[in-house]
Amino acid sequence: MSRVGKLPITIPQGVAFNISDTNLVTVKGPLGELSEQIDKDISIQIDGDTLTVTRPSDNKRHRALHGLTRALLNNMVIGVTNGFERKLLIVGVGYKAAKNGNKLDLSLGHSHPVSMEDPEGITTVCNTPTEIVVKGISKQLVGNYASKIREWRKPEPYKGKGIRYSDEVVIRKEGKTGKKK
């Protein structure tokens with residue numbers, strides 16, 4: 001049995017689940033609404049305030065879908081109740097970010113400033129010029145948008161300059177040694 005898949009999901013107060021005949025799961029909560037199409041072989045049971053995911057057999061495909069489905073449903077519940085956020089740090093002289101309406105303006109050493117518009121359902125906050133916080137209810141969209149921001153200037157290994165996640169560790173390399181003997 002899948003270790004992740006067999007764990008029950010507790011449904012908090014104020015969260016509503018709707019499962020259609022085609023296994024389209026819709027979760028409504030205080031922060032918004034998320035929906036996900038679940039594979040037809042996986043079954044979902046709601047017993048009071050707990051949700052369990054079961055699979056029909058032990059073949060490889062069903063085992064893989066079991067844990068995945070449970071993780072997706074759990075992330076939907078967390079998203080509509082608490083939301084997700086990803087923090088990015090900008091390191092480098094002259095590198096900075098600023099918020100302009102729903103656009104994120106980045107100065108990253110390119111010949112031009114980079115302007116990115118926030119996608120629907122995602123908000124970005126710049127508390128300081130060197131810190132960006134990406135927030136939203138969908139974990140997938142938050143992570144995807146944060147990686148798109150990071151792609152503009154990935155951290156380099158010699159000075160560590162670039163955009164990095166707050167929990168990312170950049171392995172630094174030693175530079176050239178100067179002169180030979």
Side-chain angles (χ1 to χ4, degrees), residues 2-5 7 9 12 15 25-39 64-65 67-181:
S2 169
R3 292 182 196 173
V4 173
L7 296 173
I9 299 170
V15 174
V25 178
T26 306
V27 181
K28 291 182 184 177
L31 295 182
E33 178 180 332
L34 291 172
S35 60
E36 183 78 35
Q37 182 67 43
I38 303 299
D39 192 89
L65 286 172
L68 170 72
T69 303
R70 191 262 176 206
L72 289 174
L73 293 175
N74 191 45
N75 286 341
M76 289 168 68
V77 169
I78 293 170
V80 298
T81 54
N82 301 332
F84 290 100
E85 71 176 38
R86 196 78 162 120
K87 192 181 291 186
L88 299 164
L89 301 175
I90 302 174
V91 178
V93 176
Y95 292 3
K96 60 185 175 184
K99 192 74 171 137
N100 187 7
N102 70 339
K103 288 189 175 187
L104 180 66
D105 295 329
L106 302 169
S107 298
L108 300 172
H110 294 294
S111 62
H112 60 283
V114 176
S115 182
M116 298 180 72
E117 191 168 335
D118 293 346
E120 187 177 331
I122 300 293
T123 57
T124 54
V125 178
C126 293
N127 298 329
T128 64
T130 60
E131 183 180 294
I132 304 168
V133 180
V134 181
K135 295 181 181 181
I137 62 171
S138 172
K139 187 174 187 177
Q140 179 182 0
L141 292 177
V142 168
N144 190 19
Y145 190 57
S147 75
K148 284 183 181 179
I149 294 171
R150 184 180 177 272
E151 279 180 6
W152 280 103
R153 185 67 78 181
K154 290 183 181 175
E156 54 97 12
Y158 293 102
K159 291 186 179 180
K161 293 170 32 171
I163 302 174
R164 64 176 80 169
Y165 299 115
S166 62
D167 56 352
E168 181 178 8
V169 176
V170 177
I171 298 174
R172 304 284 295 273
K173 292 183 178 179
E174 187 177 328
K176 292 184 177 180
T177 53
K179 67 176 190 177
K180 294 181 182 177
K181 288 187 178 187

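FYI, side chains are in, hydrogens and waters are out, and symmetry mates aren't considered; it's all heavy atoms of this structure. No experiment lies behind these values; they were computed from the predicted model shown.
Atom-to-atom distance recorded for E36:CD and L73:CG is 8.0 Å, nearest 0.5 angstrom. In this structure, CG in L31 is found 7.0 Å from OG1 in T81, a value given to the nearest 0.5 Å. Within the model, atoms CG of L88 and OG of S147 stand 9.5 Å from one another, a figure rounded to the nearest 0.5 Å. Interatomic distance, I149 CD1 to R86 CZ, rounded to the nearest 0.5 Å: 11.5 Å. Here CD1 of I132 is found 4.0 Å from CD1 of I90. Values are rounded to the nearest 0.5 Å. To the nearest 0.5 angstrom, N75 atom CG is 9.0 Å from I9 atom CD1.
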List, one per line, each side-chain donor-acceptor pair under 3.5 Å for residues 102-114, sequence neighbours excluded.
from	atom 1	to	atom 2	distance (Å)
D105	OD1	S115	OG	3.1
H110	NE2	W152	O	3.3

Per-pair distances, 0.1 Å, donor-acceptor, side chain in residues 118-126, under 3.5 Å, sequence neighbours excluded:
from	atom 1	to	atom 2	distance (Å)
D118	OD1	T124	OG1	3.1
D118	OD1	Y145	OH	3.2
D118	OD2	K99	NZ	2.4
D118	OD2	T124	N	3.4
D118	OD2	T124	OG1	3.1
T124	OG1	K99	NZ	2.8

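Taking all atoms of both residues into account, the shortest heavy-atom contact from G32 to V80 is O-CG1, 3.6 Å. S35 and T26 make their closest contact through CB-OG1, 3.9 Å (heavy atoms, listed as atom of the first residue, atom of the second, distance). Between V77 and P12, the shortest heavy-atom distance links the atoms CG1-CD, 3.5 Å. In plain terms, the two heavy atoms of M76 and V25 that are nearest each other are CE-O, 3.7 Å. Among all heavy-atom pairs drawn from R150 and P155, the shortest one is NH2-CD, 3.6 Å.
For E33, the CD atom sits in a packed shell: over 12 heavy atoms of surrounding residues, nucleotides or ligands are nearer than 6.0 Å.
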Step-by-step side chain to side chain contact (heavy atoms under 4.5 Å, CB included) determination, I78 to F84
CA-CA 8 Å; I78 293 170; F84 290 100; 3.7 Å; yes
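Of the possible polar contacts, one joining the R172 side chain to the K159 backbone as a donor-acceptor pair under 3.5 Å is found. In this structure, R70 contributes its side chain and L7 its backbone to a donor-acceptor pair below 3.5 Å.
Partners of K154 according to the side-chain hydrogen bond (donor to acceptor under 3.5 Å, both in side chains) rule, which considers only residues two or more places apart in sequence or in another chain, do not exist here.
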